Amino acid sequence: MSETEPTALVVVGHHRSDSLTAAVAERAAKRLAAGGYRVDVLDLHEAGFDPRGNTADEPDYGNRDKRYSEEVHEHIARVHAADVIVPVFPVWWYGLPALLKGWIDRVWNYGLAYGRSRSPMAGKRMLWIALAGLAEDDPNSALTRAFLDGPLRVGISAYCGIPDAAAVALYDSEAQGLAGAERDRHYRELFAKADEAVDALL
Ligand SMILES: Cc1cc2nc3c(=O)[nH]c(=O)nc-3n(C[C@H](O)[C@H](O)[C@H](O)COP(=O)(O)O)c2cc1C
């Protein structure tokens, strides 16, 4: 590994290794590697990450140097080592799946990700890649867009000192009503949209 090689952390927020989410994450990782990144893939389910809250990982707002669980410190070290962070996940109930939400809740903790005069995340970039079952023109997709732009891009990334954050949605991820060549074309388009978003990091 060269000293000058930037690092990308690809975070997989799905329990199935044969999911579309996993395929999109793998493709993003390969593209980042081909573009010169050292790539660290963090598959939260494979890693056995426990998204449940616990007392050891509760923030103590009187002590930004609190020592959290070993698991949290191991995970935040991987975040700190990254120049770009790329969470890939399905949209569930217009939000993050519990696995990824719990990772943010526990690992992006006070003193580790926010709460310092100089953000520990300063200078990083972020790309949220969301797979959404709804079609882009479904009226409820406005909720998905609001979720990406509000809680994810502003509420988490910018709040933690990462203003250079983008969020992209791959709509109609289950290709509802499509078959054969039409379905193949749809998935080619979804992968192309993910590629375009990843390429903006190169
Ligand atoms: C519990 C659950 C909640 C879901 N909620 C939403 C939702 O709010 N909006 C949406 O567009 N799709 C929703 N979906 C559809 C998923 O986004 C879709 O199944 C996923 O993107 C497919 O990718 P995968 O094969 O990687 O799971 C939901 C699916 C599940 C299982």
Side-chain angles (χ1 to χ4, degrees), residues 8-34 39-53 75 78 82 84-108 126-157 159 165-201:
L9 177 67
V10 176
V11 185
V12 188
H14 202 292
H15 57 285
R16 289 182 72 98
S17 58
D18 62 353
S19 61
L20 184 65
T21 300
V24 169
E26 187 184 351
R27 188 176 166 109
K30 284 191 175 145
R31 215 167 171 87
L32 289 161
V39 179
D40 179 11
V41 177
L42 171 54
D43 182 327
L44 292 172
H45 186 262
E46 189 186 63
F49 182 78
D50 186 350
R52 292 176 303 171
H75 278 259
R78 289 169 76 171
V84 304
I85 303 154
V86 184
V88 189
F89 57 96
V91 175
W92 282 3
W93 295 111
Y94 304 98
L96 293 175
L99 182 61
L100 183 57
K101 179 63 165 54
W103 184 70
I104 298 287
D105 292 344
R106 286 184 58 210
V107 176
W108 289 51
M126 204 161 178
L127 170 63
W128 301 87
I129 304 181
L131 284 78
L134 290 180
E136 188 164 6
D137 61 1
D138 187 296
N140 281 342
S141 284
L143 292 173
T144 306
R145 283 187 283 280
F147 161 61
L148 297 184
D149 202 49
L152 297 188
R153 203 181 59 72
V154 178
I156 299 173
S157 299
Y159 182 76
V168 64
L170 309 182
Y171 292 102
D172 196 6
S173 57
E174 293 168 18
Q176 292 283 340
L178 300 179
E182 255 194 328
R183 182 184 164 88
D184 292 347
R185 186 171 52 81
H186 176 68
Y187 281 118
R188 274 199 304 278
E189 284 171 5
L190 289 194
F191 280 115
K193 191 174 180 189
D195 288 350
E196 192 185 334
V198 168
D199 287 352
L201 298 170

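This structure is a prediction, so every number in the text was calculated from the model and none was measured. In listed order, ligands and their atoms are each counted from 1.
Under the 3.5 Å distance criterion, the side-chain polar atoms of H186 are matched with a main-chain donor or acceptor of D172.
Classification of E189 and R185 as a salt-bridged pair holds, one side-chain N sitting under 4.0 Å from a carboxylate O. With salt bridges taken as basic N to acidic carboxylate O contacts below 4.0 Å, none links D184 and R188.
Between F89 and H14, the ring centre distance reaches or exceeds 6.0 Å.
Each of H14, S19, L20, T21, P90, V91, W92, W93, Y94, L131, A132, G133, L134, S173, E174 has a non-hydrogen atom positioned under 4.0 Å from some atom of ligand 1.
For the side-chain hydrogen bond (donor to acceptor under 3.5 Å, both in side chains) test, no residue two or more places apart in sequence or in another chain qualifies with R183.
Contact check for V168 versus K193: side-chain heavy atoms found under the 4.5 Å cut-off.
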